[in-house]
Amino acid sequence: MTSTPPPPPRLAIIDLDGVVYRGDRPVPNVGLAIRRLEAAGLLVRFATNNSTLDRDAYVERLARFGIATQRDHVTTSTSATIDHLRAHAPGFTRVMAVGGRGMVDELADAGFDVTAAEDAVPAAHDGGPLPESFDAVIVGLDRDMSYRRIAAAATAIRAGASFVATNADARYPTASGFLPGAGSVVAAIAVASGVDPIVIGKPAPAMFVSILEASGVTAAEALVVGDNPDSDITAAHRAGVRSVLVLSGVTDAGAAAALTDERRPDLVVGSLADLPDLLGVPDLT
């Protein structure tokens, strides 16, 4: 890792959990930092693996922290999954969803015929077949995960449904510590079904590539800011984008110093609030 800041980018792609906030608490001074970046002419976009909320809900959440953005400037692992299905499986219409209400709603808003896993539970829980077939089982973070939901998802996958994970993060940061991430839910269903999923979110580079294309910015002109070397930094490396690791989320200074290969960021900072000064961005006047 280097202590020399990269040249000023045209686009900053910023992760949310652990970078902008931890649970319901914003990371100190991040709102001001983002306003400084935008005032200096940088495009600011957000990319999160967290599938529990839809993009409108993320816009509202950021507004509560004093950060103004719009739906099209937020990419979630659910919206990336929708883009993937439209591009690679346009015939898929019937899906089972294992995840939060936001994921279910966003899939439905995109035109999919969605059944939440709990609504397909009874027959699967008894060991019998489901009453209907599914093109895909979409799995994200599910804070109400249960044996019955695992049974429904695994039964659908064994019956032929594609297994698609919005992401496979092992954990995510909250104001008081860490909680299991979507990867724990995905792993349970993978074991029960005997099938490995297609994983859409970071560390796959698709989310970042999509943002670059929509923004009209090259990879060399962009910067990714994230807290997770396994997802954010690896995805940035695979997309050819410079990366900044913040220590306000899942990684501490000791772990950051030991990072190698594609998990190694170009720059490490304490938090997003430190980035404008390192980039030479002027204070707001």
Side-chain angles (χ1 to χ4, degrees), residues 47-55 57 75-172 179-204 206-207 210 230-231 235:
T48 177
N49 264 357
N50 194 326
S51 61
T52 57
L53 300 177
D54 62 26
R55 286 179 291 168
T75 300
T76 69
S77 57
T78 303
S79 67
T81 297
I82 290 168
D83 290 342
H84 172 85
L85 292 176
R86 285 174 171 166
H88 300 284
F92 282 14
T93 59
R94 187 90 177 92
V95 302
M96 179 189 293
V98 183
R101 188 74 247 171
M103 187 182 83
V104 175
D105 290 345
E106 190 147 9
L107 287 167
D109 289 344
F112 292 96
D113 183 3
V114 186
T115 297
E118 61 267 27
D119 296 331
V121 159
H125 184 57
D126 293 335
L130 295 171
E132 53 192 329
S133 61
F134 296 89
D135 297 313
V137 175
I138 312 298
V139 182
L141 178 60
D142 187 348
R143 296 191 180 98
D144 296 314
M145 191 59 178
S146 67
Y147 180 87
R148 295 167 67 86
R149 294 185 186 187
I150 295 172
T155 300
I157 293 166
R158 287 196 302 271
S162 293
F163 182 10
V164 182
T166 62
N167 74 94
D169 285 350
R171 59 181 182 164
Y172 74 95
L179 289 174
S184 60
V185 179
V186 171
I189 294 171
V191 170
S193 66
V195 176
D196 291 328
I198 299 168
V199 180
I200 302 300
K202 302 172 284 187
M207 294 173 72
S210 177
D230 295 319
S231 58

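All values derive from a computational prediction rather than experimental measurement.
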Atom OG in S77, atom NE2 in H84: separation rounded to 0.5 Å?
13.0 Å
Go through the steps to decide whether V137 and V98 satisfy the test side chain to side chain contact (heavy atoms under 4.5 Å, CB included), and finish with yes or no.
CA-CA 7 Å; V137 175; V98 183; 4.2 Å; yes
Looking at A154 and A192, what are the two nearest heavy atoms and their distance?
CB-CB, 3.7 Å
If you look at every heavy atom in K202 and A47, which pair is closest and at what distance?
NZ-O, 3.0 Å
Do you see a donor-acceptor pair shorter than 3.5 Å between the side chains of T52 and N50?
yes
One should read off an interatomic distance between F92 CZ and I82 CD1, to the nearest 0.5 angstrom, of 14.5 Å
If you take all heavy atoms of V114 and R94, which pair is closest and at what distance?
C-NH1, 4.0 Å
Separation between CG (L141) and OG (S184), nearest 0.5 Å, reads 7.0 Å
With rounding to the nearest 0.5 angstrom, report the CD1 to CD distance, I138 to E106.
12.5 Å
Can you list the steps and then say if D135 with T93 is a side chain to side chain contact (heavy atoms under 4.5 Å, CB included)?
CA-CA 7 Å; D135 297 313; T93 59; 3.6 Å; yes
Once rounded to the nearest 0.5 Å, what's the spacing between atom CD1 of I150 and atom CZ of R148?
12.5 Å
For residues F163 and I189, report the shortest heavy-atom separation together with the two atoms involved.
CZ-CG2, 3.7 Å
After noting the C-alpha distance and the side-chain angles of F112 and L85, does the key distance pass the side chain to side chain contact (heavy atoms under 4.5 Å, CB included) rule?
CA-CA 10 Å; F112 292 96; L85 292 176; 3.9 Å; yes
Flag side-chain contact, heavy atom, 4.5 Å: R149 against D144
yes
Kindly indicate, with the supporting measurements, whether the criterion side chain to side chain contact (heavy atoms under 4.5 Å, CB included) is fulfilled by S231 and N49.
CA-CA 9 Å; S231 58; N49 264 357; 4.1 Å; yes
For M207 and A80 the tightest heavy-atom approach is CG-CB, 3.7 Å
Minimal non-hydrogen separation, S51 against T166, with atom names
OG-OG1, 3.6 Å
